[in-house]
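Here's the structure we're looking at; comments come further down.
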Amino acid sequence: MGDRQTTGPAIRFEDVAKYYGDVAAVDGVSLEIAGGSFVALVGQSGSGKSTLLKTINRLIAPDAGRVLLDGEDVSAREPHALRRSIGYVFQNVGLFPHMTVGENILIHRRIGGTGARQEGAGDAGHLLDMVELPRDFAARRPSALSGGQAQRIGVARALAGQPGLMLMDEPFGALDPLTRDTLGESYRGLHERLGLTTLMVTHDMAEALLHADRILVMAQGRIIADDTPDGIVNGTLPEAAEALVAVPRRQAGRLVAMERSRDPGA
């Protein structure tokens, strides 16, 4: 899988809604995401962000509206074919314990994937290179991996089919802060190098601010803020969005205060 020059698909939501009984998990969302962009979808638990994400790969069917990739309605494609063309990374990696790491990475071949589309694509060793793990990891079992290593394998598996679009649902949420930051930076580099479109769901505003080009804030099934990281930090936001920004701001302030208390002359 060489460095691609193409750009991932654009995404368009047209008045998308999903209901569970009388509750609107997603409430008439309309927006466009440019191909090649890295967008973070941020919100508290129950805000509808994961539900909206899963309407893209048809893990959830909307009750109203439609989702389009480069102008094509996703409902016009067979779900399994659609999902093979989209990378999907989630918090609980879901590696098969009876398979080796290499077999897990190339699982799409077992379930009817198209396999390599370029010289070297679909090779487990090359994919391990991409996620910065030694090639001999291909022979290991998932039980021998740390949490961070397993999540890197999850990214490698998602990249094995050479998708243009990556959907990430709290991909690093279960990891310690240092590993989480390292993996976030590593994935951001892959996003740029491969020309991907990335939509990442997270409840961590700091993670979104550090890695995304654009941040969408959801609350009660609706998009309540949509801006660049700089605009989110410095703009005027609805109360629910401001509460999310306030958390990393308070944390940063406490760290600065601690540093000053250690060095009063600073």
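Everything numeric in this text was worked out from a predicted model, so none of it was measured.
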Take I11 and L69, measure what side chain to side chain contact (heavy atoms under 4.5 Å, CB included) needs, and give me the verdict at the end. CA-CA 5 Å; I11 308 169; L69 297 181; 3.8 Å; yes
Would you say V23 ends up clustered with V26 if hydrophobic residues are merged whenever their side chains have heavy atoms under 4.5 Å apart, either directly or through other cluster members? no
Any side-chain heavy atom of L53 sitting closer than 4.5 Å to one from F90? no
Give a yes or no on whether the backbone of A10 and the side-chain of D70 come within a donor-acceptor separation of less than 3.5 Å. yes
By the salt bridge (Lys or Arg N to Asp or Glu O under 4.0 Å) test, which pairs, at least two apart or in different chains, include something from residues 19-40? D27-R222
With heavy-atom distances below 4.5 Å as the criterion, would you say the side chains of L145 and V93 are in contact? no
Has S30 got a side-chain atom pairing as donor or acceptor with D15's backbone, closer than 3.5 angstrom? yes
Side chains of D204 and R180 in contact at under 4.5 Å (non-hydrogen atoms): yes
Is there side-chain contact between V247 and H203, with heavy atoms separated by less than 4.5 Å? no
Answer yes or no: is there a side-chain heavy-atom contact under 4.5 Å between L127 and M130? yes
Can you tell me how far apart CG (L165) and CG (N57) are? Round to the nearest 0.5 Å. 8.5 Å
I223 vs L41, test: side chain to side chain contact (heavy atoms under 4.5 Å, CB included). Steps then yes/no. CA-CA 9 Å; I223 304 295; L41 191 56; 4.0 Å; yes
Distance (rounded to the nearest 0.5 Å) between H98 NE2 and E103 CD: 8.0 Å
Rounded to the nearest 0.5 Å, how far apart are CG of L175 and CG of D181? 11.5 Å
Kindly give the heavy-atom pair with the smallest separation between T202 and A208, and that separation in Å. CG2-CB, 4.2 Å
Are L167 and L82 grouped together when hydrophobic residues (ILVMFWY) are joined by side-chain heavy atoms under 4.5 angstrom apart? yes
Between S186 and R152, the two heavy atoms sitting closest are OG-NH1, 3.5 Å
So does G36 get a backbone contact from the side chain of T197, meaning a donor-acceptor N/O pair under 3.5 Å? yes
Run through H211, E192, R188, H191 and flag the one making a side chain to side chain donor-acceptor pair (under 3.5 Å) with T198. H191
Measure across I33 and R214 and return the closest heavy-atom pair with its distance rounded to 0.1 Å. CA-NH1, 3.7 Å
How many angstroms lie between atom CD of Q151 and atom CG of N92, to the nearest 0.5 angstrom? 8.5 Å
Between R12 and V67 (side chain of the first, backbone of the second, donor and acceptor by atom type, cut-off under 3.5 Å), is there such a pair? no
Which atom pair, heavy atoms only, marks the closest approach of A225 to A241? CB-CB, 4.1 Å
Taking all heavy atoms of E207 and all of M200, pick out the closest pair and write down the distance. CG-CE, 4.0 Å
Nearest-0.5 Å distance, OG1 of residue T51 to NZ of residue K18: 8.5 Å
Between V89 and A158, the two heavy atoms sitting closest are CG2-CB, 3.6 Å
Flag side-chain contact, heavy atom, 4.5 Å: I86 against R58: no
Transitively linked via ILVMFWY side-chain contacts under 4.5 Å: M205 with Y187? no
Show, in sequence, the C-alpha distance, side-chain angles and deciding distance for Y88 and K54, and conclude whether the side chain to side chain contact (heavy atoms under 4.5 Å, CB included) test is met. CA-CA 10 Å; Y88 184 45; K54 291 174 183 177; 3.3 Å; yes
Under the side-chain contact (heavy atoms from CB on, under 4.5 Å) test against V42, which residue among V245, L209, L244 passes? L244
Just wondering, do I56 and F13 contact through their side chains at under 4.5 Å, heavy atoms? yes
Could you state whether L190 and L128 fall into the same hydrophobic cluster, counting links through intermediate Ile, Leu, Val, Met, Phe, Trp or Tyr residues with side-chain heavy atoms under 4.5 angstrom apart? yes
From CA spacing to verdict: side chain to side chain contact (heavy atoms under 4.5 Å, CB included), V29, T55: CA-CA 11 Å; V29 169; T55 63; over 6 Å; no
Taking the side chain as every heavy atom from C-beta outward, state whether R141 and L95 have any atom pair closer than 4.5 Å. no
Donor-acceptor pairs under 3.5 Å, side chain of residues 229-237 to any protein atom, not counting sequence neighbours: which ones?
{"from": "D230", "atom 1": "OD1", "to": "N234", "atom 2": "ND2", "distance (Å)": "2.8"}
{"from": "N234", "atom 1": "ND2", "to": "D230", "atom 2": "O", "distance (Å)": "3.2"}

side-chain hydrogen bond (donor to acceptor under 3.5 Å, both in side chains) between D169 and S50, intermediate numbers included: CA-CA 7 Å; D169 194 354; S50 290; 2.9 Å; yes
Same apolar cluster (I L V M F W Y, side chains within < 4.5 Å links), F38/L210: no
Distance (rounded to the nearest 0.5 Å) between E242 CD and I224 CD1: 10.5 Å
